[in-house]
2 protein chains.
Amino acid sequence: MSIDSDSVSPPGNAPSRGSRRADDTRARLLHAAEATFSAKGFHGTTTRDIARAAGISPTALYVHHSSKEELLYLISRTGHEQALQVVRDALRSSEDPVVRLRAMVHDFAMYHARSHVMSRVVNYELAALSGDHLDEILAIRREITEEMRSLVDGGIAAGAFDPPDRRLAVAALISLGVDIARWYRDDGVPPERIADAYAAMAVRFMRPN
Amino acid sequence: MSIDSDSVSPPGNAPSRGSRRADDTRARLLHAAEATFSAKGFHGTTTRDIARAAGISPTALYVHHSSKEELLYLISRTGHEQALQVVRDALRSSEDPVVRLRAMVHDFAMYHARSHVMSRVVNYELAALSGDHLDEILAIRREITEEMRSLVDGGIAAGAFDPPDRRLAVAALISLGVDIARWYRDDGVPPERIADAYAAMAVRFMRPN
DNA sequence: GCATCGACTGAACGATCATTCATGGGAATA
DNA sequence: TATTCCCATGAATGATCGTTCAGTCGATGC
């Protein structure tokens, strides 16, 4: 997907009450940054690239955002919050560990396939964030890991899971989802098929023999 | 691991017969580039960063290599060739599909954990390669995928594997290995434990129910 | 002991970078 | 219609980029 226009609100620089025009420009700016960061990386992208893709002058970028890094931060935060929400919603869908696991892996994979442009930025451009911003993002990442861990531990406690290593089972579940952002292509395997297959494989390697 | 000194030979720019001193500098340059590209990305790294890490002047870089991109190319090529070799060696180790799968996942994981610095460059900086260099690297990547596919298809034909989707089973096997380069930390879970757990999980999700 | 030559360097170049500044235009309000 | 002020701009700034150039240095061969 990417950034919804209703999630585009007053960032650090701009006035609190944005006009419709300003909100629209802000949204286009974020989409443009998302696409260029994803394709060329943060350091490989110039503010002129972003401005051109958004259809404005390089200067106008600074009317809405205080820096190029702020754009990366906003994209990272939105993406991480969305991913955390996806995981939490899936875990709320049932009490049965196997059903929850299937839903979580399925939805996590779906999210990374459909939002692969944003997810590439979210997962591979972390090093370009400023110290404070990075700390905030890492906190959200820890929450995602924590949700996964609670799913795995709960399933083990209930006798529904028996992975060879609970910590590495969590790592594997995350890797299967995150790495989709790296290899996914729009003209390849459709998201739904990826999600179904990955959910099935995850259930298999978590289930007791 | 990283680059062995014996794999450091005449690159594009330098004379064919290198002195011991030149070979040593070349090797330090490649190690330095590997480390900085891995930490800050290709575009986030300056030639001055690399030179400083190698203990030489920025100018000396061009005595041994024609450009910054050439360094990335040499690292990418070495890394991909090593990964392909790891996969091929593992597949040669047995005729039994399950044994081969276990060896392949184990060794592929070991390689990405031990060479995580290089593997980050290899897997996440492809976009910075020049057109010709990228084509050459992508050809090696296709060979790696092809080896994995033959393993999976062979196992299915022999009745030893029954994954929910053979194409996505290959994707999952690659993701488990590659993504280690993203999350691995030297002070975390040791490579051998990762490799064992991943091999066990892979066997579980490939085996018929 | 001297000449040679490969390895290396400091200074510099043009290009391009993120960002700022002074200013203009146009939509919304009165 | 007149006024206001947000949104946007062209031009410019200092910094930094990848790379080149004209040499220096020190080890090696005679």
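Below, chains carry the letters A, B, ... as their sequence lines are ordered, and counting in each starts from 1.
B:Glu69 has its CD atom 13 Å from the P atom of D:dG18, to the nearest Å. Rounded to whole angstrom, the span from the CG atom of A:Asp49 across to the P atom of C:dT19 amounts to 14 Å. Remark: C1' of D:dC6 and CG of A:Asp23 are 13 Å apart, rounded to the nearest angstrom. Distance NE2 (A:His64) to C1' (D:dC7): 6 Å, rounded to an integer number of Å. What separates OH of A:Tyr62 from P of C:dA22 is a distance of 18 Å, to the nearest Å. Going from atom CZ of B:Arg20 over to atom C1' of C:dA7 covers 16 Å, rounded to whole Å. As a whole-Å value, the separation of A:Ile56 CD1 from C:dG24 C1' is 17 Å. Rounding to whole angstrom units, CD1 of residue B:Ile50 and P of D:dT16 are separated by 18 Å.
For C:dC8, one of the phosphate oxygens OP1 or OP2 lies less than 4.0 angstrom from a side-chain nitrogen or oxygen of B:Arg21. Within the 4.0 Å cut-off from OP1 or OP2 of C:dA18, not a single side-chain nitrogen or oxygen of A:His43 is found. Between D:dA8 and A:Ser57, no contact under 4.0 Å exists linking OP1 or OP2 to a side-chain N or O. Between C:dT19 and A:His65, no contact under 4.0 Å exists linking OP1 or OP2 to a side-chain N or O.
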Take B:Ser38 and B:Arg120 through the test side-chain hydrogen bond (donor to acceptor under 3.5 Å, both in side chains) and record every step on the way to the result.
CA-CA 6 Å; B:Ser38 184; B:Arg120 269 195 278 270; 3.3 Å; yes
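The side chain of A:Thr59 sits closest to C:dC21 out of D:dC17, C:dC21, C:dC8. Comparing atom distances between the B:Thr46 side chain and each of C:dC8, D:dC17, C:dT9 picks out D:dC17 as nearest. Minimum atom distance to the side chain of B:Ala22 is reached by C:dA7, of the listed D:dG18, C:dA18, C:dA7. Comparing D:dA8, C:dC8, C:dA12 by their closest approach to the side chain of B:Val63 singles out C:dC8.
Listed for the A:His116 side chain is a donor-acceptor partner under 3.5 Å among the backbone atoms of A:Ala113.
Using a 4.0 Å cut-off between charged nitrogen and carboxylate oxygen, A:Asp49 and A:Arg52 count as a salt-bridge pair.
For the pairing with A:Met148, the side chain to side chain contact (heavy atoms under 4.5 Å, CB included) check across A:Leu151, A:Thr145, A:Ile144 returns one residue only, A:Ile144.
Map B:Thr25 and B:Arg48 each onto its nearest nucleotide of DNA chain C; the residue landing nearer the 5' end is B:Thr25.
For A:Glu192 and A:His106, the side-chain atoms include at least one donor-acceptor pair closer than 3.5 Å.
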